Amino acid sequence: MSDSNKHAGLSTRMIHTGRAPKKQGGAVNPPIHRASTLIMDSAEDLYGAKRTYGLAGLQVHDQLKDALNTLEGAKFCTLTASGLLACTLPIFALCEAGGEVLIPDNVYGPTRRYCDRSLKRTGGRAIYYDPRIGSDIDGLITDKTRLIFMESPGSLTFEIQDTRAIVEVAKARKVPTATDNSWAAGVYHHPLDLGVDFSLLATTKYAGGHADSLSGAILTNNARLHARIEEASRDLGLCLAPEDASIVLRGLRTMETRMRQHETSAIAVAEWLLKHPKVADVLHPALPHHPDHSLWRRDFTGSSGLFGVVLKPCSEASVLEFLNTLELFGLGFSYGGYESLAIHCDPQLDRTATTPDFGGPLLRLSVGLEAVDDLKADLEQSLSRV
Ligand SMILES: *Cc1c(COP(=O)(O)O)cnc(C)c1O
């Protein structure tokens, strides 16, 4: 698609960028080349060609990067074999021994685990902060700060960060910033447009969309920072398998359409739950009573299918009974696939900078693409047992 079409609708751009049917025998989708070795045209090319080995990616990877750059308004993209790696690689690449990384207290659990284990082992240090800190983040920045990490909304508890305030401070103090943008999937939130240096995506979730592959992406407009990430990726020998690249690229073509349905269904279920007598609260930033609703309105253009539900105080046995009697909601981690999922969160609410108290057991629902009335009926029959 030509640059003159860059103001076309998102679905149009996602369907028409990163495609070259004429170069692939007319096939709509790119070929999946399985390759380690690439045969060079000449001896000069062995040490001179742009691409000399499969580890650097192939045609399908190039097309996927084009599509993801279009999605996030980015110039540069590094693909990773999981969303977790998209989060940990920038920390690895930017934080040397003695360096510090500022991490929101509600960060995705495995990112926290990386910080507490591997980052620590390599001499770096994570400093956890209240996700609602805003411009007060200034007080935590030192001459050792190498990265301010954000995640908005935060995993499990759905706080929205004041990205603009944090970016303003970070730019004044010359510290790079990154946002884990997996919840909004690059569709409803564009951190790079707000001045964040890296947007990180678990494309495993909404881009993949069918719970059948793992992948991630690190997007930026900063050539120098991109070079650091690429260097780390090359040093470690990281790559994304071509089949998984192809699956994500296919998912991106329909992502906006799927997201709109996830959004509408999730809001319908969330509003219904908020009025339910067994429910104490619903943690969904698009609902007007959410404490960060105005920040969400300011910086997001929509919401995905994932939100939190707080039950009125009840025993752990009741929570397990609720989950065990769900029929349509699968019990499983992750989100973004077509099927609805549920988990209880309390066993993994690991916080050190804040002490959130929701006044009851916290659950997380991922609303899939089933009919909303069926999902409500499933929740109702299980809630009736609590
Ligand atoms: C799922 C998720 C990840 C990790 O993605 P994987 O592909 O499962 O490794 C990272 N961040 C957030 C917020 C996620 O929800």
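Note that the coordinates shown come from a computational prediction; the quantities given were computed from them, not determined experimentally. Note that ligands are numbered from 1 as they come in the structure, with each ligand's atoms numbered from 1 the same way.
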| query | At the 4.0 Å heavy-atom cut-off, does Ser155 count as touching ligand 1? | reply |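 Yes, Ser155 has heavy atoms under 4.0 Å from ligand 1.
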
Interfacing atoms of ligand 1 (cut-off 4.0 Å, heavy-atom, [X]):
X: Ser182; result: 11 (N), 12 (C), 13 (C)
X: Glu151; result: 13 (C)
X: Ala202; result: 2 (C), 3 (C), 4 (C), 5 (O)
X: Thr204; result: 6 (P), 7 (O)
X: Lys205; result: 1 (C), 2 (C), 3 (C), 5 (O), 14 (C), 15 (O)
X: Leu84; result: 4 (C), 5 (O), 6 (P), 9 (O)
X: Leu214; result: 7 (O), 8 (O)
X: Gly83; result: 4 (C), 5 (O), 6 (P), 7 (O), 9 (O)

| Which value, rounded to the nearest 0.5 Å, describes the distance between Trp272 atom CH2 and Leu375 atom CG? |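 So the CH2 of Trp272 and the CG of Leu375 are separated by 10.0 Å.
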
| task | Compare Tyr335, Tyr108, Phe333, Trp183 and give the one whose heavy atom is closest to atom 10 (C) of ligand 1. | result |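 Looking at heavy atoms only, Tyr108 sits closest to atom 10 (C) of ligand 1.
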
Side chains of [X] and [Y], donor plus acceptor under 3.5 Å:
X: Thr179; Y: Asn181; answer: no
X: Asn106; Y: Tyr128; answer: no
X: Ser155; Y: Glu151; answer: yes
X: Ser215; Y: Thr203; answer: yes

| query | In terms of residue, atom name and distance, what is the protein heavy atom nearest to atom 11 (N) of ligand 1? | reply |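 Here the closest protein heavy atom is Asp180 OD2, 2.6 Å.
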
| said: Both conditions, 6.0 Å and 45 degrees, for the charged tip of Lys205 above the ring of Phe333: are they met here? | reply: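 So Lys205 doesn't make the cation-pi contact.
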
| said: Whether Glu256 and Arg260 form a salt bridge (side-chain N of Lys/Arg under 4.0 Å from carboxylate O of Asp/Glu) is what I want to check. | reply: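 Salt bridge present between Arg260 and Glu256.
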
| message | Take a 6.0 Å sphere around CG of Asp41 and say whether it holds more than 12 heavy atoms from other residues, nucleotides or ligands. | response |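 No, the 6.0 Å shell around CG holds no more than 12 heavy atoms from other groups.
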
